[in-house]
Amino acid sequence: MGQTPESQLIEQRLQKLDAIRDLGIEPYPYRFEPTHYSVDIVASFDALNASGDEVRVAGRLIVTRGHGKAAFADLRDAKGRLQIYVRLDNVGDDAFALWKLLDIGDFIGVSGQVFKTRTGQISVQVQTLVLLTKAIRPLPVPKEEIRDGERVVHDQFSDKELRYRRRYLDLALNPDVQAVFRKRSAVVSAMRDFLDTRGFLEVETPVLQPLYGGASARPFVTHHNVLDMPLYLRISDELYLKRLIVGGLEKVYEIGKNFRNEGIDRTHNPEFSMLELYQAYADYSDMMAIAEALYAFVAEKVNGSTTLEYQGREIDLSPPWPRIPMLDAIERYGGIDVARSSDADLRAACKRFDFDIEPGAERGLLINALFEACVEPELIQPTFITDYPIAVSPLAKRHRTKKDLTERFEIFINGWEAANAFSELNDPIDQRQRFAHQKTLRDRGDDEAQVLDEDFLMALEHGMPPTGGLGIGVDRLVMLLADAPSIRDAILFPHMRPKEGLDDYG
RNA sequence: GGGCGCGUAGCUCAGGCGGUAGAGCAACGGCCUUUUAAGCCGUGGGUCGCAGGUUCGAAUCCUGCCGCGCUCACCA
């Protein structure tokens, strides 16, 4: 037992735990069957009051207001909070003795009839009280009041580090946080709904891959002991989903985690969720139509509207979205006419924007760098940027008319890359050459260049039909729809550096 | 990785011109059988992130480290 004051608080609760057992009460029983959620009782009060039916409610004790031989308290369950009234006369000596040994944070179940207090507060008149779980650590509940109909929270549990590290407390104490993750679930459900009704098949492909591919990023590496070989956590599921198109599944999607060994910031977490979908016989124009419709469908389903406010900024997801070829965008926002610019001109332009560019960088990379510098931040409303340079798009098909470009688009919303799509490259000879080109980039020191995957090439050599593919970042979509300022607010357990000495109690 | 800021009781925060710590909530004891940020009386609780340095003396000033946040650069 430690010497910290926190351990004193724990010690007090452990003593109560013993006292509860001394009363012959098991503090960790097995089950309880509620009849109602808190909010249901409030919603159907009149009927419950008229019938006199007994209700059973379970939840976490979040506040008590004792009055000697009686007490009011609030329970919080998954849907809201409810006042209960515990009175010695009604519950009897034993249950009231138990009541005195309860703490904020304990889970309890109660049964009794509903009633309204003198001030009109809907409450449960407790007849029986059972302890469902004793909490031995203090729950840092804030105080709340209802002022002018608004919920006002005092001393809210707000330390970001603690909120992320102990997300369960964040969820238990901040209903708004629960709402974000309920919304996240609704987003994923809506995606499935949208795709399933359009005949897409949901599949699962390997997370542990002998080679990583499908994106330009550094991977996490692990090791298989029995096979004694390295394995990579996938940076993308793209190459496996395309194999399924080769196999004739025609319309497939996967919602899953990708892992990229890169920096962490407000819009990047080392593991993040992507929706990737592939459709045979389709091209990137079809993917644009699907993407617009999907975003609008999800927003409507989840928020009831295709317009939203993100961090004070109005964003309208209603289709159709503007489609701007990358070179046009660079001219419009950066004033640079790429077609008439020499490589040296582009290099000079990059310098003007004050960012480092590899001395030997080829034209496509220069164009992409200029785009990122002068266009991306401007793209607040949803926008398709189309027709990327071949050099930065090793898995995309060459543009049917535009030289040196591919049939690729990315969606930008709020200045973020929100999605990425191509007419998929299905020419195995061209694909092999692209991989070869990536290798030269890698040999020049680009450790994010893609690696040659012979097994994938073999699949392409067996024939992949023309295919459109689309990848959508799930976390960023949740951020937008939930108005979450950081990706950490859209991921239940965001990555945190390990911290030693969080607690000396054990 | 660079810059800026933060780290004090279980939680939310004061103190910060150097003289070894305060409040509210939570907790504990007492009173209270319709309260709702319940109330009243009383009590306990702190290696002031960690390690050095300056000083007679450091929560306070300096340096390094750790963690977190914001931001810039790179990546979705």
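Within every chain, numbering begins at 1; the chains are lettered A, B, ... in the order of the sequence lines, protein sequences first and strands thereafter. Side-chain atoms are counted along with the backbone in the values below, which use heavy atoms only and exclude waters and symmetry mates.
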**OP:** Have a look at A/Met274 and say if it touches a base, only the backbone sugar-phosphate, or nothing, with a 4.0 Å heavy-atom cut-off.
**Re:** nothing
Subject >> A/Asp159 bridged to A/Arg163 by N-O distance under 4.0 Å >> reply: no
Original post:
Roughly how far apart, to the nearest Å, are B/G18 and B/G57 at atom C1'?
Top reply: 8 Å
Subject >> Residues that A/Phe272 engages under side-chain contact (heavy atoms from CB on, under 4.5 Å), provided they are two or more places apart >> reply: A/Asn258, A/Arg260, A/Met274, A/Asp475
**OP:** Find which nucleotide of RNA chain B each of A/Phe157 and A/Arg87 is nearest to by heavy atoms, and output the residue with the more 5' nucleotide.
**Re:** A/Phe157
Using atom types as modelled, flag every donor-acceptor pair under 3.5 Å from a side chain in residues 407-423 of chain A to any protein atom, sequence neighbours excluded.
from, atom 1, to, atom 2, distance (Å)
A/Glu407, OE1, A/Arg400, NH2, 2.8
A/Glu407, OE1, A/Ser423, OG, 2.7
A/Glu407, OE2, A/Arg400, N, 3.2
A/Glu407, OE2, A/Arg400, NE, 2.4
A/Glu407, OE2, A/Arg400, NH2, 3.3
A/Arg408, NE, A/Asn420, OD1, 3.0
A/Arg408, NH1, A/Val392, O, 2.9
A/Arg408, NH1, A/Ser393, OG, 2.9
A/Arg408, NH2, A/Glu410, OE2, 3.0
A/Arg408, NH2, A/Asn420, OD1, 3.4
A/Glu410, OE1, A/Tyr388, OH, 2.8
A/Asn414, OD1, A/Arg313, NH2, 2.9
A/Ser423, OG, A/Tyr284, N, 2.9

Original post:
Under a 4.5 Å cut-off applied to non-hydrogen side-chain atoms, are A/Ile108 and A/Val130 in contact?
Top reply: no
Subject >> Gap between atoms CG and P, on A/Asp159 and B/G10 respectively (whole Å) >> reply: 13 Å
Subject >> Lys/Arg N to Asp/Glu carboxylate O, A/Asp103 vs A/Lys16, below 4.0 Å >> reply: yes
**OP:** Could you tell me whether A/Asp89 contacts a base, only the sugar-phosphate backbone, or nothing, with contacts defined as non-hydrogen atoms closer than 4.0 Å?
**Re:** base
**OP:** Describe the nucleic acid contact of A/Asn261 in one word from base, sugar-phosphate, nothing, applying a heavy-atom distance below 4.0 Å.
**Re:** nothing
Original post:
If you look at every strand shown and take non-hydrogen atoms under 4.0 Å, does A/Ser236 touch a base, only sugar-phosphate, or nothing?
Top reply: nothing
Subject >> Whole-angstrom distance between B/G5 and B/G16, as gauged at atom C1' >> reply: 16 Å
Subject >> Salt bridge present between A/Glu424 and A/Lys397 (N-O < 4.0 angstrom) >> reply: no
**OP:** Using a heavy-atom cut-off of under 4.0 Å over every strand shown, decide if A/Arg266 touches base, sugar-phosphate, or nothing.
**Re:** sugar-phosphate
**OP:** State plainly whether the residues A/Glu276 and A/Arg234 are in salt-bridge range, i.e. N to O under 4.0 Å.
**Re:** no
**OP:** Mind telling me whether A/Phe115 and A/Tyr85 have parallel, tilted or perpendicular rings, with 30° and 60° as the class edges?
**Re:** tilted
Subject >> Length of the line joining A/Lys160:NZ and B/U12:P, which is rounded to integer Å >> reply: 13 Å
Subject >> B/C62 and B/G22, which share atom name P, separated by this distance in whole Å >> reply: 25 Å
Subject >> Protein-to-nucleotide contact annotation, 5' to 3' order, nucleotides 2-7 of chain B [B base; S sugar-phosphate only; - none; under 4.0 Å, heavy atom] >> reply: ------
Original post:
Between A/Leu173 (CG) and B/C25 (C1'), how many Å, whole number?
Top reply: 13 Å
Original post:
With a 4.0 Å cut-off, would you call A/Arg497 and A/Glu161 a salt bridge?
Top reply: no
Subject >> Selected nucleotide, minimal atom distance to A/Arg476 side chain, candidates B/C11, B/C28, B/A76 >> reply: B/A76
Subject >> A/Arg167 NZ/CZ over A/Phe493 ring centroid, <6.0 Å and within 45° of normal >> reply: no
**OP:** Can you tell me the distance, in whole Å, between the CZ atom of A/Arg13 and the C1' atom of B/C28?
**Re:** 12 Å
Subject >> Identified pairing partner of B/U33, criterion: Watson-Crick or G-U wobble below 3.5 Å >> reply: none
**OP:** Could I get the full list of salt bridge (charged side-chain N to carboxylate O under 4.0 Å, His left out) partners for A/Glu378, not counting sequence neighbours?
**Re:** none
Original post:
Between B/C65 and B/A76, how far is it from one C1' atom to the other, in whole Å?
Top reply: 33 Å
**OP:** List for me each residue that meets salt bridge (charged side-chain N to carboxylate O under 4.0 Å, His left out) alongside A/Arg65, sequence neighbours excluded, and say none if there are none.
**Re:** A/Asp74
Original post:
Now, which nucleotide makes the Watson-Crick or G-U wobble pair with B/C6, with each of the two distances under 3.5 Å?
Top reply: B/G67
**OP:** Rounded to the nearest angstrom, tell me the gap between atom CZ in A/Arg81 and atom C1' in B/U35.
**Re:** 13 Å
Subject >> Nucleotide forming a Watson-Crick or wobble pair with B/A59, both distances under 3.5 Å >> reply: none
**OP:** Check whether the aromatic ring of A/Trp416 stacks on the base of B/A76, taking stacking as ring centres less than 5.5 Å apart and planes within 30° of each other.
**Re:** no
**OP:** Considering only atom P, compute the distance from B/C41 to B/C66 and round it to an integer number of Å.
**Re:** 49 Å
**OP:** Report the nucleotide, chosen from B/C75, B/A76, B/U35, that has the shortest atom-to-atom distance to any side-chain atom of A/Arg118.
**Re:** B/U35
Subject >> Any strand: nucleotide that pairs with B/G1 via Watson-Crick or wobble, under 3.5 Å >> reply: B/C72
Original post:
Looking only at atom P, what distance separates B/U12 and B/G1, rounded to whole Å?
Top reply: 27 Å
**OP:** With C1' as the reference atom in both, quote the distance from B/U8 to B/U20 in angstrom, rounded to an integer.
**Re:** 13 Å
Original post:
B/A76, B/G46, B/U34: which one has an atom nearest the side-chain heavy atoms of A/Gln8?
Top reply: B/G46
Subject >> Whole angstrom value for the distance that separates P of B/A73 from CD1 of A/Ile264 >> reply: 18 Å
Original post:
Going by modelled atom types, is there a donor-acceptor pair between the base of B/C74 and the side chain of A/Asp265 at under 3.5 Å?
Top reply: yes
Subject >> Lys/Arg N to Asp/Glu carboxylate O, A/Asp77 vs A/Lys79, below 4.0 Å >> reply: no
Subject >> Identity of whatever pairs with B/A23 - Watson-Crick or G-U, under 3.5 angstrom >> reply: B/U12
**OP:** Would you mind reading off the distance between A/Lys116 atom NZ and B/U34 atom C1', rounded to a whole angstrom?
**Re:** 14 Å
Subject >> Separation of atom CD in A/Gln15 from atom C1' in B/G44, rounded to whole Å >> reply: 14 Å
**OP:** Tell me what A/Tyr85 touches on the nucleic acid: a base, only sugar-phosphate, or nothing, going by heavy atoms under 4.0 Å.
**Re:** base
**OP:** May I ask you to say what A/Glu271 touches in the nucleic acid, namely base, sugar-phosphate or nothing, with a heavy-atom cut-off under 4.0 Å?
**Re:** nothing
**OP:** For nucleotides B/A58 and B/G19, find the distance between their P atoms and express it as a whole number of Å.
**Re:** 11 Å
For nucleotides 36-39 of chain B, give me every protein contact, N/O to N/O, under 3.5 Å, one pair per line with atom names.
from, atom 1, to, atom 2, distance (Å)
B/U36, O4', A/Arg65, NE, 3.2
B/U36, O2, A/Gln121, OE1, 3.4
B/U36, N3, A/Gln121, OE1, 2.9
B/U36, O4, A/Thr119, OG1, 2.1
B/A37, O4', A/Glu144, O, 3.1
B/A37, N1, A/His154, ND1, 3.1
B/A38, OP1, A/Lys143, NZ, 2.2
B/A38, OP2, A/Arg65, NH1, 3.4
B/A38, N7, A/Gly66, O, 3.2
B/A38, N6, A/Gly66, O, 2.2

Original post:
From the list B/U34, B/A26, B/A76, which nucleotide is the closest neighbour of the side chain of A/Ile104?
Top reply: B/A26
